[in-house]
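Taking it in order: structure first as structure tokens, then the write-up.
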Number of protein chains: 2
Amino acid sequence: MTLLYSKEDRLLVAVDCIVLGFQDKEINVLIVKRKLNPLKGGRSLMGGFVRKNESLNEAVARVGAGYTGVENVYMEQVGAYGEVNRDPGGRVISVVYYALIDMHRFDEQLKDRHNTEWVNIKNVGALILDHRRFLDDALHHLRLQSATHPVGFNLLPERFTLPQLQSLYEAIYARDLDKRNFRKKILEMGVLEKLDEKDKSSSKRGAFYYRFNKEKYDYMVKNGVDVSFI
Amino acid sequence: MTLLYSKEDRLLVAVDCIVLGFQDKEINVLIVKRKLNPLKGGRSLMGGFVRKNESLNEAVARVGAGYTGVENVYMEQVGAYGEVNRDPGGRVISVVYYALIDMHRFDEQLKDRHNTEWVNIKNVGALILDHRRFLDDALHHLRLQSATHPVGFNLLPERFTLPQLQSLYEAIYARDLDKRNFRKKILEMGVLEKLDEKDKSSSKRGAFYYRFNKEKYDYMVKNGVDVSFI
DNA sequence: TTTTTAAGTGTGCGAAAAACACTTTTATAT
DNA sequence: ATATAAAAGTGTTTTTCGCACACTTAAAAA
């Protein structure tokens, strides 16, 4: 069975995991100082090779969890990159994903261990190989995805306020949004639950917490109600 | 240099090429009777393995041209699929693309040689492995892409009529469009050139030929004019 | 009790999308 | 020559949606 394709070339397949988080009105990406040659010490995304007995999804979840300590994370595939000489270390096909995590769940201890740091996406600068392109493509994908699907909530804690949510979308789209229009539209969709408690950390008055009702959203989608996002 | 990653597993990497064409108001996909085991004789998309010294793009162009005789084809990547057991013939990562071709350029002689046939996308039915999912994902991608980019023209000859173009978009979106609204919108964009000649093949009156002016479109995009499609 | 600061709230206008039906052209049939 | 048939071509009205816009409220701190 495993000999059927025996004459074909076999290649290294890597996954690269772009870990994104949101804090203080900014989107941040986890950047690592690369541990191996070539380009040891260079600023890099988190990558790893796909093993014979794991799927792409399993591989990227493994790599992501290794650097963040967070499991069961929302991920999207950006695409596969396969130029012959994209990696001077060898012929490597790279499949790129981005992961959206709640930064509060990030395991800070892993930061020193792996030499990672959170960098505001506005200030990332150059990265090794074609990683800068991976990041740009991922952010482009995220913007498209955010406009039609409720993916942003994965970057927030379970309970969040409307000002927080607005600043998240402002960070994703890199432009200011009108407060009244934003609130009107997001509340009209009917997938946010207002809670009784307030977050007082950023104002005297405090802002009510909300929660995303995924069950209701899924139900609406299943029944053909079109729920387009912001 | 090539020994740097020597301990890592190497995998088979395939490209699958979904060849789409348009004729008689219908979108068709090229389906092949598979030549090799396993699943020899099954209804399949066109695939091939990526060689050590070719990029993904080169591989898929090679595979596509082998079955259609058409080169320099518009292609889009759909994604990479990497479940461990997706192919009973071995551990294969598949990177899926779709190609949009003008069916008039298709080399009919290759049809018999490779046992291919054009099938209306409405009547494709079951395919081997996860190819049915590849096709569904590709069509989804094509719909999104068509709404924002002028990709449909790749499915038409250089000269086409507005009724043809409309029926193409109707096929892509699988719904009827209003003739007046369609024509108004597409002409207002200012990227179609009306020619003097008429196509008389489908009506007594005849319909004027048009041509897509890619240079003008690119110029408009470069200068920030947003040209959204239908 | 005054001040400060962010949270919260409603309306009106303009542009774009969607609905809608008749006229024109011309080959073919009578 | 005239009638017919069949698809191409053409504008206007209505509706919807996005976008601009400014004041009030709550509550801690001074």
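Labels below follow one simple rule: chain letters A, B, ... track the order of the sequence lines, proteins then strands, and each chain is numbered from 1.
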Atom-pair distance (CG on A:L162; P on C:dT9), nearest Å: 9 Å
Gap between atoms CG and P, on B:D199 and D:dA7 respectively (whole Å): 13 Å
Tell me which nucleotide among D:dG11, C:dT9, C:dA17 gets nearest to the side chain of B:N181. D:dG11
Just the rounded figure in Å: distance from P of D:dC19 to CD1 of A:I230. 11 Å
Check whether any side-chain N or O of B:R86 sits under 3.5 Å from a backbone N or O of A:S55 as a donor-acceptor pair, and report yes or no. no
Would you kindly compare B:R180 and A:D178 by the position of their nearest DNA chain C nucleotide and give the one closer to the 5′ end? A:D178
Using atom CZ of B:F182 as one end and atom P of C:dA18 as the other, report the distance to the nearest whole Å. 13 Å
Check every atom of D:dA27, D:dG18, C:dC20 against the side chain of A:K185 and return the nucleotide holding the closest atom. D:dG18
Atom CD1 of B:I186 and atom P of C:dA17 are separated, to the nearest Å, by 13 Å
I need the CZ-C1' distance between B:F229 and C:dA16, as an integer number of Å. 17 Å
Protein heavy-atom contacts under 4.0 Å, written 5' to 3' over nucleotides 1-7 of chain C as B (base), S (sugar-phosphate only) or - (none), form the string ---BSSB
Grab the OH-C1' distance between B:Y173 and C:dA18 for me, whole Å please. 16 Å
Please report, rounded to the nearest Å, how far the C1' atom of D:dC19 is from the CD atom of A:E188. 14 Å
Using the side-chain contact (heavy atoms from CB on, under 4.5 Å) rule, take A:L195 and A:R211 through it: C-alpha gap first, then chi angles, then the decisive distance, then the call. CA-CA 7 Å; A:L195 307 181; A:R211 180 161 47 196; 3.7 Å; yes
Between A:K216 and A:E193, is there a side-chain N and carboxylate O pair less than 4.0 Å apart? no
When we call it a touch if two heavy atoms are under 4.0 Å apart, what does B:K184 touch: a base, just sugar-phosphate, or nothing? base
Ring center gap for B:F153 and B:F160 short of 6.0 angstrom: yes
Using modelled atom types only, decide if a donor and an acceptor are shared between the side chain of A:D24 and the backbone of A:E26 within a distance under 3.5 Å. no
In terms of the nearest nucleotide of DNA chain D, which residue is placed more toward the 5' end: A:R175 or B:Y210? B:Y210
Run the salt bridge (Lys or Arg N to Asp or Glu O under 4.0 Å) check on A:K222 and A:D218 step by step: do they pass? CA-CA 6 Å; A:K222 209 182 67 179; A:D218 289 340; over 6 Å; no
Quick check: closest heavy atoms across B:Y217 and B:T148, and the distance to 0.1 Å? OH-O, 4.2 Å
